[in-house]
Amino acid sequence: MKGTDFDQRVYAMVGQIPHGYLSTYGQVADRIGAYGCARQVGWALRRLSLPTLIPWQRVVNAQGRISMSLSREGTDWMQRDLLIAEGIPVDLEGRLPLKRFLWSPDERQISQMNQLLRAL
DNA sequence: CTAGTGACGTGCC
DNA sequence: GGGCACGCCACTA
C-alpha cells in the first residue's frame, strides 16, 4: 500500500465518524486493514491542511485522551474546543469519557465504508 | 545512510 | 494508576 493510498483510506474512514462520536487511531488503522499502524494514522491526520471537512477532531488515543503536543502548534487545543462544541466534555488535561462516546459502525456504515475503500 | 523523534497501541511490571 | 520496552513507519537532521 503506497503512502497517498493510505492517507485516502484514513480520510475515508474518519469521514464516516458521526457528529458527537469518537474513534481511536488504532481503530481507524484496524478498519482500513492496517493493524498496528496507529501511529501512521496520526501522521496522515497531520498531513491534512486546515480547515477541512474531514472530522479529524473525532480521533483520539486509546487512553481516552487528546494527544497533547507542542509540535501540534495549537491544533490539540483546537481539537478540544471542537469536541466540546459537539457535546463531549473534555478536561484541561485532554481527558474525555471515551467509552461513552466510542463509535462502532453499523452494517450500513460498514458496507459504505467498503465501497469507499474499493473506489480508491 | 543512520539516528532520533513522534496526533500510537499492546503487553508487562 | 504510572512507566518501560517494543513494534509500527514517516519525517528530519
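All of these numbers come straight from a predicted model, not from anything done at the bench. Throughout, a chain's letter reflects where its sequence line sits, starting with A, and its residues are numbered from 1.
In this structure, CD1 of Ile32(A) is placed 13 Å from P of dG9(B), rounded to the nearest angstrom. Straight-line distance from the OH atom of Tyr11(A) to the C1' atom of dA7(B): 12 Å, rounded to whole Å. Going from atom CD of Glu93(A) over to atom C1' of dG1(C) covers 14 Å, rounded to whole Å. Whole-Å rounding puts the Arg31(A) CZ to dC8(B) P distance at 18 Å. The distance between atom CG of Asn61(A) and atom P of dC8(C), rounded to the nearest whole Å, is 21 Å. Atom CD in Gln57(A) sits about 13 Å away from atom C1' in dA7(B), given to the nearest Å. Across the protein-nucleic acid pair, Gln63(A) atom CD and dG9(B) atom C1' stand 8 Å apart, rounded to whole Å. Atom CG of Leu45(A) is separated from atom P of dC11(C) by 13 Å (rounded to the nearest Å).
Each of dC8(B), dA7(B), dC9(C) was ranked by its minimum atom distance to the side chain of Gln40(A); first place goes to dC9(C). Proximity note for Ala38(A) (side chain, C-beta onward) versus dA7(B), dC8(B), dG6(B): the nearest is dC8(B). In the set dA7(B), dC11(C), dC8(C), the nucleotide with an atom closest to the side chain of Cys37(A) is dC8(C). Nearest to the side-chain atoms of Ser71(A) among the listed nucleotides dG9(B), dA7(B), dT10(B) stands dA7(B). For Arg39(A), the listed nucleotide lying nearest its side chain is dC8(C); candidates were dG9(B), dC8(C), dC11(C). Taking every side-chain heavy atom of Ala62(A) into account, dG9(B) is the closest of dA10(C), dG9(B), dA7(B).
Thr75(A) comes within 4.0 angstrom of nothing in the nucleic acid, heavy atoms only.
Counting non-hydrogen atoms of other residues, nucleotides and ligands closer than 6.0 Å to CG of Leu50(A) gives a total above 12.
Between Arg80(A) and Asp76(A) there is no salt bridge, since none of the side-chain N atoms of the basic residue sits less than 4.0 Å from a carboxylate O of the acidic one.
Nearest-nucleotide mapping onto DNA chain C: of Arg65(A) and Gly36(A), the residue sitting toward the 5' end is Arg65(A). Residues Met68(A) and Asp30(A) both approach DNA chain B. Their nearest nucleotides, taken by heavy-atom distance, put Met68(A) toward the 5′ side.
Donor-acceptor pairing under 3.5 Å is recorded for the side chains of Gln79(A) and Arg72(A).
For dG6(B), the OP1/OP2 oxygens have no side-chain nitrogen or oxygen of Arg46(A) closer than 4.0 Å.
Within the 4.5 Å cutoff, side-chain heavy atoms of Thr24(A) are placed close to those of Leu102(A).
With Gln109(A) contributing its side chain and Asp106(A) its backbone, the two residues share a donor-acceptor pair below 3.5 Å.
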